[in-house]
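Below you'll find the structure, written out as structure tokens, and then a few comments.
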Amino acid sequence: MKVLVPIKRVIDANIKVRVKADNTGVELNNVKMAMNPFCEIAVEEAIRMREAGTADEVIVVAVGPSQSQETLRTGLAMGADRAILIETDPIPEPLAIAKLLKAVAEKEDPGMIILGKQAIDGDNNQTGQMLAGLLNWSIGSFVSKLSVEGSTVKVTREVDGGLENIDLVAPAVITVDLRLNEPRYASLPNIMKAKKKPLDTHTPEELGIDVSPRLEVLRVLEPAGRAAGVRVNSADELVEKLRNEAKVI
Amino acid sequence: MSILVIGEHDNAALRPSTLNVVTAAKALSSDIDVLIAGSDCQGAADEAATIAGITRVLKADDAALSNGLAENMAPLVQSLAGNYSHILAPATTYGKNLLPRAAAILDVQQISDISGIESEDTFVRPIYAGNAMATVRSNDALKLITVRTTSFEAAELGGAAPVEDVSGGVDAQLSTFAGEELTRSERPELTTADIIVSGGRGMQSSENFGMLETLADKLGAAVGASRAAVDAGYVPNDYQVGQTGKVVAPNVYIAVGISGAIQHLAGMKDSKIIVAINKDEEAPIFQVADYGWVADLFEAIPELETALESNPS
């Protein structure tokens, strides 16, 4: 089975983002970028499937500017076999990304598509569910356990009340949650090898997909700040303040 | 303008998230229908009918809808969409799973996790773990929106809306519900609790979380956790508060042994009062805490319990 893994280049999760002075967005210039952490988990899972013999080819796909090649190379260094870049700048909205990925899926005919449950930039949590809808495939979202048994994909999902088990008919779209696995680091030899792996570039026009935005970002502001309060030095003082000053207990 | 609210429920009863979404809907229009799609879901539909200020409850009762599988639910939402200007669902795992699929087949760019409404087409939503707030205008004729439940009050009960049956349950035969392992607890639910006691990596073990549970029970509080504590296996996944876990906004959030990573703050910084107990006085959690107590939690928690007992409210 071929596994498609869509991945996204985002601001590194450890960087504190800054809102631009003109309130049009957040500052991306000279900011460290990295693969979205949930996408790393998706790549790891696909590679483990290939190592276990469930998958025979892992293809990483990115939608975004040409620098997304770096993110794809990271996926290749982790162990993916080849990469596809749909080059477009800026990165389109989730619906348009899902349409682009559908076009790729129709060409590549994968048995499974694994992707992160959300990207930590827009925090939309949409692309996987949309892609499954457009393809009319089954969806396993927020997955923390995954196994393939014949034409059934068994997943455990992290839901608000606990865990939920769903049996999916393959081909399926899977969006991964934090506890599915712990992604590996790429070794230096694998980083070198990744430079020689195939990376094809396409454009939305070639795929015949309109990526024009539906949403207009009117402004981006800093959130209302919280000032640090006071220090207390004992349990009695804390209880007194919670009861009589804040009146919350 | 007419609004469809997708009600979240377990067939027998309505989930409280639905009430917050109805309040968001009221900011858009007074014509609000609530969809209860499930199997043997009369109980949930009857409860939804008591939400004050809604027009009617639409009940879709079919075995294929019993577990809210997105593959079976999304076509139902699609079939109803023509009657509405907006379709709203809670930004819970239920709504997040379902609504994007419906949006895709309706060719709508969904707006996720809104925390504010400026007009019928303009909404405020957090991005980058709440480190920025984006105001976005939708140019789609139909709007599909998930609502951050903590940003809107719960709608009041006391109404008596009519319940109408709608058809539309079709098994897409793409997925089957195979069971669940829900966390059973007598404590309040995390997302609706007035008081939350939350533990982090500093708790050091699953057993030590018992201390927080004792404290929580004295306060009538729910128990939460940081990602670090969940990843370490101290508590189940549904305890997790943060950017990718649950978003909470209780009257008081007591963070114990939690350093305060931005991803955690994203899930709790709208709490009315934040208390931080941590032995590291440099921990970032103190920068957002109303009351900070630099102390070893293993001494502080028993002391706090004693103080609560000797200072009864």
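Lettering follows sequence order; numbering is per chain, from 1.
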Please state whether the side chain, the backbone, both or neither of [X] comes within less than 4.5 Å of a heavy atom of chain A.
X       : answer
L182(B) : both
I195(B) : side chain
E305(B) : neither
A132(B) : both
T306(B) : neither
D113(B) : neither

Could you tell me the separation between the [atom1] atom of [X] and the [atom2] atom of [Y], rounded to the nearest 0.5 Å?
X       : Y       : atom1 : atom2 : value
Q110(B) : L95(A)  : CD    : CG    : 10.0 Å
Y128(B) : I11(A)  : OH    : CD1   : 4.0 Å
T156(A) : N237(B) : OG1   : CG    : 10.0 Å
I262(B) : K16(A)  : CD1   : NZ    : 6.5 Å
Q263(B) : N14(A)  : CD    : CG    : 7.5 Å
L215(A) : F123(B) : CG    : CZ    : 10.0 Å

Check: [Y] main-chain N/O paired with [X] side-chain donor or acceptor under 3.5 Å:
X       : Y       : value
Q126(A) : P100(B) : no
R226(A) : K269(B) : yes
T93(B)  : V159(A) : no
E180(B) : G162(A) : no
N251(B) : V248(A) : no

Apply side-chain hydrogen bond (donor to acceptor under 3.5 Å, both in side chains) to residues Q243(B) and D123(A) and explain how you reach the verdict. CA-CA 8 Å; Q243(B) 179 184 17; D123(A) 283 336; 2.9 Å; yes
So for [X], is it side chain, backbone, both, or neither that comes closer than 4.5 Å to the heavy atoms of chain B?
X       : result
N125(A) : both
K117(A) : side chain
Q118(A) : side chain
V19(A)  : side chain
S234(A) : backbone
A13(A)  : both
A227(A) : backbone

Check K246(B) with E158(A), please: is the shortest side-chain N to carboxylate O separation under 4.0 Å? no
Could you list all the side chain to side chain donor-acceptor pair (under 3.5 Å) pairs where at least one residue sits in residues 17-27 of chain A, not counting sequence neighbours? D22(A)-T24(A)
Write down the atom of [X], the atom of [Y], and the distance for their closest heavy-atom approach.
X       : Y       : answer
L238(A) : L304(B) : CD2-CD1, 3.9 Å
I139(A) : A70(B)  : CG2-CB, 4.1 Å
L178(A) : Q240(B) : CD1-NE2, 3.7 Å

Interface residues of residues 128-137 of chain A facing chain B - non-hydrogen atoms under 4.5 Å apart: Q129(A), M130(A), A132(A), G133(A), L134(A), N136(A), W137(A)
Determine which residues belonging to residues 104-116 of chain A lie within contact range of chain B, meaning some heavy atom pair is under 4.5 Å apart, and list them by number or answer 'none'. none
Let's test your reading of the structure: which of E93(A), E222(A), K154(A) forms the most heavy-atom pairs below 4.5 Å with chain B? E93(A)
Against chain B, work out which of A235(A), A246(A), S141(A), A98(A) has the most heavy-atom pairs shorter than 4.5 Å and name it. A235(A)
Let's go through T135(B) and V217(A) carefully: what are the C-alpha distance in whole Å and the side-chain angles of both, what is the deciding distance for side chain to side chain contact (heavy atoms under 4.5 Å, CB included) to 0.1 Å, and is it a yes or a no? CA-CA 6 Å; T135(B) 303; V217(A) 178; over 6 Å; no
[X] vs [Y] side-chain heavy atoms within contact, under 4.5 Å:
X       : Y       : value
Y94(B)  : D160(A) : no
I127(B) : D121(A) : no
D290(B) : V230(A) : no
L308(B) : I249(A) : yes

Could you walk me through whether E216(A) and V136(B) satisfy the side chain to side chain contact (heavy atoms under 4.5 Å, CB included) test, starting with their C-alpha distance in whole Å, then the side-chain angles of each, then the deciding distance to 0.1 Å, before giving a yes or no? CA-CA 5 Å; E216(A) 213 176 316; V136(B) 296; over 6 Å; no
Would you mind telling me which of [options] has the largest number of heavy-atom pairs within less than 4.5 Å of chain A?
options                            : answer
A261(B), A134(B), A172(B), A102(B) : A134(B)
V124(B), I274(B), T146(B), I277(B) : I274(B)
R137(B), M133(B), E303(B)          : R137(B)
L265(B), V252(B), D270(B)          : V252(B)
V294(B), D121(B), I111(B)          : I111(B)

The test is side-chain hydrogen bond (donor to acceptor under 3.5 Å, both in side chains); show your working for T176(B) and D167(A) and say whether it passes. CA-CA 5 Å; T176(B) 321; D167(A) 293 346; 5.4 Å; no
Evaluate R125(B) against N124(A) for side chain to side chain contact (heavy atoms under 4.5 Å, CB included), listing each step before the verdict. CA-CA 10 Å; R125(B) 58 179 304 268; N124(A) 282 301; 3.4 Å; yes
R157(A) vs E181(B), test: salt bridge (Lys or Arg N to Asp or Glu O under 4.0 Å). Steps then yes/no. CA-CA 10 Å; R157(A) 307 178 54 229; E181(B) 301 149 44; over 6 Å; no
List the steps, then state whether side chain to side chain contact (heavy atoms under 4.5 Å, CB included) holds for F38(A) with T244(B). CA-CA 10 Å; F38(A) 287 94; T244(B) 66; 3.3 Å; yes
Would R214(A) and D107(B) count as a salt bridge (Lys or Arg N to Asp or Glu O under 4.0 Å) if you check the C-alpha gap in whole Å, the side-chain angles of each, and the deciding distance to 0.1 Å? CA-CA 10 Å; R214(A) 308 287 187 84; D107(B) 196 31; 3.0 Å; yes
Could you list all the salt bridge (Lys or Arg N to Asp or Glu O under 4.0 Å) pairs where at least one residue sits in residues 227-241 of chain A, not counting sequence neighbours? K241(A)-E245(A)
